[in-house]
Structure formats: structure tokens, C-alpha cells
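Shown next, in C-alpha cells, is the structure this report addresses.
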Amino acid sequence: MAQAKAAAENKLPVVAIRDLHKSFGALDVLKGISFTAREGEVVSLIGSSGSGKSTLLRCINMLEVPDSGTVSIDGEEILLRGTAPHRQIGDEHQIRRIRSELGMVFQSFNLWAHLTILENVMEAPLIVQKRGREEVEQAARAMLAKVGIAEKADAYPAQLSGGQQQRAAIARALCINPRVMLFDEPTSALDPELEVEVLRVIKVLADEGRTMVLVTHDMEFARSVSDRVIFLHQGAIEEQGTPDEVFGATKSPRLKQFLNAANHDQATRPDTGLLQAEQTQA
Ligand code: ADP
Ligand code: MG
């Protein structure tokens with residue numbers, strides 16, 4: 001992981017966020033956030049419920065338009081115009097192109113119920129990216145195999161477990177060949193025993209060197225998968241660093257308190273065994 005980080009420092013920023021502010025009415029949700037995810041880096045966002053993690057992630061693909069500040073993807077700044085609260089997308093053509101390169105996986109799986117798993121995975125490459133059907137089907141089947149549900153290609157979402165549906169959603173995001181994968185608590189709607197199969201898939205993607213920004217409530221997972229961890233507190237970055245710094249040499253009292261509470265939660269869940277496997281290998 002340290003080697004990966006050293007290598008990443010010379011790489012170009014894939015996601016660069018500068019001084020992002022966002023309010024909903026009188027509620028200041030993001031209060032000047034800046035961070036960068038470089039090529040191959042996994043950046044995890046942690047923090048209490050309501051600290052602004054989802055809003056921050058949604059600003060990266062402009063599902064939420066920030067009041068001020070900039071988001072750049074691969075060095076290209078997303079164009080916005082006007083001033084808050086009327087700030088809006090500046091160039092629909094540009095945002096459509098950029099969004100087509102961002103693989104987003106939400107808490108809920110957002111699969112089309114009337115399409116098979118294969119059709120769900122093929123939809124964006126065919127319709128948004130206008131790629132050829134044969135190549136797309138091949139890529140889609142490869143992605144389903146990668147997440148371990150090749151045999152579910154012709155099933156409908158309702159016929160799959162939650163963990164399988166979420167893996168299908170990951171396959172769908174991967175099939176657009178995204179520059180970056182954005183995950184917003186991808187396992188929070190799952191039972192613990194289904195959670196682990198999804199976490200394993202995300203870990204494989206991290207180990208392959210995919211650039212990822214990940215919101216997670218699972219501290220053990222954040223520690224095992226991240227190059228950098230950012231702790232958000234009330235819409236500001238309270239602490240950030242490598243997993244060892246953030247979890248092993250915590251500075252902020254607020255982060256200490258948050259981690260204590262998270263540890264308590266995690267101790268009451270069945271053990272996923274993910275980090276243990278890592279440690280015995282190391
Ligand atoms: P987190 O993901 O860290 O739990 P969120 O980014 O979802 O936090 O929310 C941060 C705060 O912003 C919360 O108080 C939430 O209620 C508020 N919020 C989020 N989205 C909206 C919205 N569309 N309208 C009004 N308030 C919102
Ligand atoms: Mg959230």
C-alpha cells in the first residue's frame with residue numbers, strides 16, 4: 001500500500017476538488033472541501049451520518065451542483081455558471097461526456113427491474129457511449145464474471161440476492177470503462193453475510209489499481225483498501241492521512257470519538273474476516 005502511494009504521488013489527478021461549498025437553504029453542508037484522487041489511488045471518505053459524505057460524492061458528478069469551488073476530472077474543470085443558489089451546469093454536452101466516464105455505485109442498486117442483468121450492464125455502453133453491440137456484450141459478460149455472477153446474466157434483478165444485485169451494479173459501472181469508481185456506502189443496505197461478497201469485489205478493484213473514491217461506514221474495510229482516508233466532520237475535513245495515520249495515530253479528538261463508536265458497532269456485527277485474511281498474508 002505504501003508503494004502504491006509513493007507511485008501515485010507522481011501520477012496525475014483523476015479527481016481534483018477545490019474549495020467546495022454547498023448549502024441546502026440555511027444548512028451549510030460542505031464548508032470548503034479540497035482533495036485529490038490520483039491515478040490508481042483509493043480515497044475513502046468516513047464520518048458521521050449527516051457530515052456531508054454523500055453530498056460531496058454527488059458533487060463529483062454534479063448530481064448536486066456546488067455553490068462555489070471546482071471539480072476537475074482528468075484535469076478538465078467541470079463548467080458551471082451563475083451564482084448560488086442559482087449556480088447550474090455550464091455545458092450539458094461536457095457534463096454528459098464526463099458523467100459517462102464516472103462509475104457510480106449507490107447504496108441502493110438502481111437496476112432496471114424490467115431488464116435482465118446483462119441488459120442492465122449493456123445499457124449505458126450501448127445507449128450513452130454508442131459502442132457496438134457485440135463488443136459491449138462481450139465486455140458485459142466479462143464484467144459479470146469478474147464480480148462472480150456470470151450465471152445470472154439472463155436473470156432479472158428481483159431474482160438476485162441484494163449482494164448479487166449490488167455486484168451487478170458494480171459490473172454495470174465497470175462496463176463503461178470509468179476513469180474513476182465512486183462508491184456511496186455500497187454495502188449499507190446489505191446483511192453482513194452479503195456485505196462481505198461485495199467488499200471482496202471492491203478490494204479486487206482496488207488491488208488492480210483502479211482510481212476510486214469510496215464512502216464507507218466499515219472502518220476495517222477502509223483501513224484495508226485505502227491509500228488515503230479523509231474524515232469529514234460537519235462538512236469540513238477534520239483529519240486525513242494514510243490508513244495507518246488516521247486509524248493508528250489518530251490526532252483529532254472528534255475522530256477518536258467517531259472511531260470508538262464505529263468500533264463498538266463493528267464489534268456487535270459478525271466478523272467479515274476480510275482484514276484478518278490480509279494481515280496473515282502480509
Ligand atoms: P452523509 O452522507 O455524510 O450522511 P449527506 O451528504 O447525505 O451526509 O447529508 C448532509 C446534510 O445535508 C444532512 O443534514 C442532510 O439532511 C442534508 N441534505 C442532504 N441532501 C439534501 C437535500 N437534497 N436537501 C436538503 N438537505 C439535504
Ligand atoms: Mg450518505
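In each ligand, atom 1 is the first atom listed, and ligand 1 is the first ligand listed. All heavy atoms count here, side chains included; hydrogens, waters and symmetry mates do not.
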note = Separation between CD (E195) and CZ (F221), nearest 0.5 Å, reads 9.5 Å
query = Using a distance threshold of 2.8 Å, what protein N/O/S atoms lie below it relative to the Mg ion (ligand 2)?
reply = S54 OG
request  = Please report the C-alpha distance between R200 and V196 in whole Å, then the side-chain angles of each, then the deciding distance to 0.1 Å, and finally whether the side chain to side chain contact (heavy atoms under 4.5 Å, CB included) criterion is met.
outcome  = CA-CA 6 Å; R200 279 211 187 95; V196 70; 4.1 Å; yes
message = For V29, which part has a heavy atom under 4.0 Å from ligand 1: side chain, backbone, both, or neither?
response = side chain
remark   = Per-atom filter on ligand 1: closer than 4.0 angstrom to a heavy atom of L27 are 12 (O), 14 (O), 17 (C)
key: Inter-residue atom distance E64.CD - C59.SG, 0.5 Å rounding   = 6.5 Å
key: Residue pair I46 / L255, side-chain heavy-atom distance below 4.5 Å   = yes
task = Could you walk me through whether E101 and R97 pass the salt bridge (charged side-chain N to carboxylate O under 4.0 Å, His left out) test, one step at a time?
result = CA-CA 7 Å; E101 298 176 346; R97 173 170 50 77; 5.6 Å; no
Heavy-atom protein contact below 4.0 Å for atom 27 (C) of ligand 1 = yes
message = How far is atom 8 (O) of ligand 1 from the closest protein heavy atom, and which atom is that?
response = G52 N, 3.3 Å
Verify atom 16 (O) of ligand 1: protein non-hydrogen atom under 4.0 angstrom away = no
ask   = Please state which protein non-hydrogen atom is closest to atom 4 (O) of ligand 1 and give its distance, to 0.1 Å?
value = G50 N, 2.7 Å
Distance from atom 24 (N) of ligand 1 to nearest protein heavy atom, with residue and atom = F24 CD2, 3.5 Å
request  = Could you establish whether G47 and ligand 1 come within less than 4.0 Å of each other, counting only heavy atoms on the residue side?
outcome  = no
query = Which pairs with one or both residues in residues 144-158 pass side chain to side chain donor-acceptor pair (under 3.5 Å), sequence neighbours excluded?
reply = K146-E208
query = Do S100 and Q129 have side-chain atoms, one donor and one acceptor, less than 3.5 Å apart?
reply = no
request  = Mind checking ring pair (Phe, Tyr, Trp, His ring centres under 6.0 Å) for H114 and listing every partner two or more places apart, or none if nothing turns up?
outcome  = W112
key: Q159 atom CD: more than 12 heavy-atom contacts under 6.0 Å   = yes
N/O donor to acceptor pairs below 3.5 angstrom from side-chain atoms of residues 20-32, sequence neighbours left out:
{"from": "H21", "atom 1": "NE2", "to": "D19", "atom 2": "OD1", "distance (Å)": "3.3"}
{"from": "K22", "atom 1": "NZ", "to": "V65", "atom 2": "O", "distance (Å)": "2.8"}
{"from": "S23", "atom 1": "OG", "to": "D28", "atom 2": "OD1", "distance (Å)": "2.6"}
{"from": "K31", "atom 1": "NZ", "to": "Q234", "atom 2": "O", "distance (Å)": "3.0"}

ask   = With no hydrogens and no angle check, is any side-chain donor or acceptor of N61 less than 3.5 Å from a backbone partner on R99?
value = no
key: For ligand 1, the portion of L56 having any non-hydrogen atom under 4.0 Å away   = neither
ask   = Identify the closest protein heavy atom to atom 6 (O) of ligand 1: which residue and atom is it, and at what distance?
value = T55 OG1, 2.5 Å
inquiry  = Tell me whether S48 reaches ligand 1 (any heavy atom closer than 4.0 angstrom to a ligand atom).
reply    = yes
request  = Write out the residue and atom name of the closest protein heavy atom to atom 7 (O) of ligand 1, then the distance separating them to 0.1 Å.
outcome  = S54 CB, 3.6 Å
request  = List the atom of L259, the atom of V246, and the distance in Å for their closest heavy-atom pair.
outcome  = CD1-O, 3.8 Å
